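Keep in mind that this is a model prediction, so the values were computed, not measured.
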Amino acid sequence: EVQLVESGGGLVQTGGSLRLSCAVSGFAGDHYLIGWFRQAPGKEREGVSCISSTDGNSYYADSMKGRVTIFRDNTKNTVYLQMNNLKPEDTAVYYCAGRNYYGISERLCVTHVLFNDWGQGTQVTVSA
């Protein structure tokens, strides 16, 4: 059974930084894709970034490009999302999601309905 557990959300001022963590376990095989998505109240869930376990390649959606970095620590089976220069419009629940996949796909990285497994989400609130 796949388990994804997020942590690291919180309240931060405009211009601040947060690092989100996603502890990953239970995938069958070595090839999977981990994505970060976010959903603000009244808005669609949107992709932020994703990373491939196959080769470590990553993709950044336009939503936060230039202000986020995704990386992984294989020794801890954890994927991180470092978020900098946060803005009030970044306020949302952030989710990590996963699915078995070889390589990386930009289409997958921005299409939440194509991911099978989800964490519980972590709230990020950016104050003005």
| said: For Thr78 and Asp73: C-alpha separation, side-chain torsions, deciding distance, then whether side chain to side chain donor-acceptor pair (under 3.5 Å) applies. | reply: CA-CA 5 Å; Thr78 300; Asp73 183 338; over 6 Å; no
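- Ser17 places no side-chain N or O within donor-acceptor distance of the main-chain N or O of Asn84, the cut-off being under 3.5 Å.
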| message | Working note: Cys50 + Trp36, criterion side chain to side chain contact (heavy atoms under 4.5 Å, CB included); need CA distance, chi angles, decisive distance, verdict. | response | CA-CA 6 Å; Cys50 64; Trp36 282 100; over 6 Å; no
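- A donor-acceptor pair is defined here as one N or O able to donate and one able to accept, closer than 3.5 Å; no such pair exists between the side chain of Glu46 and the backbone of Ser63.
- Taking every heavy atom of both residues into account, Tyr95 and Gly119 meet most closely at CD2-O, 3.7 Å.
- How far CG of Leu81 is from CD1 of Ile34: 12.5 Å, rounded to the nearest 0.5 Å.
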| task | Show your working on side chain to side chain contact (heavy atoms under 4.5 Å, CB included) between Leu108 and Leu33 and close with a plain yes or no. | result | CA-CA 9 Å; Leu108 275 181; Leu33 195 64; 3.8 Å; yes
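- Around the CD atom of Gln13, the shell of radius 6.0 Å holds no more than 12 heavy atoms that belong to other residues, nucleotides or ligands.
- Here the side chain of Thr111 pairs no donor or acceptor atom with the backbone of Leu114 at under 3.5 angstrom.
- There is a path of hydrophobic side-chain contacts, each under 4.5 Å, that joins Val113 to Ile104.
- Screening Met64, Lys43, His112, Arg45 for a side-chain contact (heavy atoms from CB on, under 4.5 Å) involving Arg38 leaves a single residue, Met64.
- Taking each heavy atom of Tyr59 and Ser49 in turn, the nearest pair found is O-OG, 2.8 Å.
- Counting only heavy atoms from C-beta outward, the side chains of Arg72 and Ser53 approach each other to under 4.5 Å.
- Side chain of Ser58 to main chain of Ile70: no donor-acceptor pair is present (N/O by atom type, distance under 3.5 Å, no hydrogens or angles).
- Rounding to the nearest 0.5 Å gives a distance of 4.0 Å between CD of Glu6 and SG of Cys96.
- A distance of 8.5 Å separates CG in Leu86 from OG1 in Thr14, rounded to the nearest 0.5 Å.
- By the criterion of side-chain heavy atoms lying less than 4.5 angstrom apart, applied directly or through intervening Ile, Leu, Val, Met, Phe, Trp or Tyr residues, Tyr101 is not grouped with Ile51; the two fall into different hydrophobic clusters.
- Residues passing the side chain to side chain contact (heavy atoms under 4.5 Å, CB included) test with Phe71 are Arg19, Thr69, Tyr80, Gln82, sequence neighbours excluded.
- Phe37 and Phe115 have perpendicular rings, their planes meeting at more than 60° on a 0 to 90° scale where under 30° would count as parallel.
- We find that Asp90 and Lys87 are not joined by a salt bridge, their nearest charged nitrogen and carboxylate oxygen being 4.0 Å or further apart.
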All N/O donor-acceptor pairs, side-chain side in residues 121-128, below 3.5 Å, sequence neighbours left out:
| unit_1 | atom_1 | unit_2 | atom_2 | d |
| --- | --- | --- | --- | --- |
| Thr122 | OG1 | Gly9 | N | 3.1 |
| Gln123 | NE2 | Ala92 | O | 3.4 |
| Gln123 | NE2 | Thr125 | OG1 | 3.3 |

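- Under a hydrophobic-cluster definition in which Ile, Leu, Val, Met, Phe, Trp and Tyr are linked whenever side-chain heavy atoms come within less than 4.5 Å, directly or via other members, Val12 and Val68 are assigned to the same cluster.
- By the rule that hydrophobic residues join a cluster once side-chain heavy atoms approach within less than 4.5 Å of another member, Trp118 and Val93 end up as members of one cluster.
- A donor atom on one side chain and an acceptor atom on the other are not found under 3.5 Å apart for Asn57 and Ser52.
- Formation of a donor-acceptor pair under 3.5 Å by the Arg67 side chain with backbone atoms of Met83 is not found in this model.
- To the nearest 0.5 Å, atoms SG (Cys22) and CD (Gln3) are separated by 11.0 Å.
- Between the side chain of Tyr94 and the main chain of Val48, no donor-acceptor pair closer than 3.5 Å is present.
- Heavy atoms from other residues, nucleotides or ligands lying under 6.0 Å from NZ of Lys76 number 12 at most.
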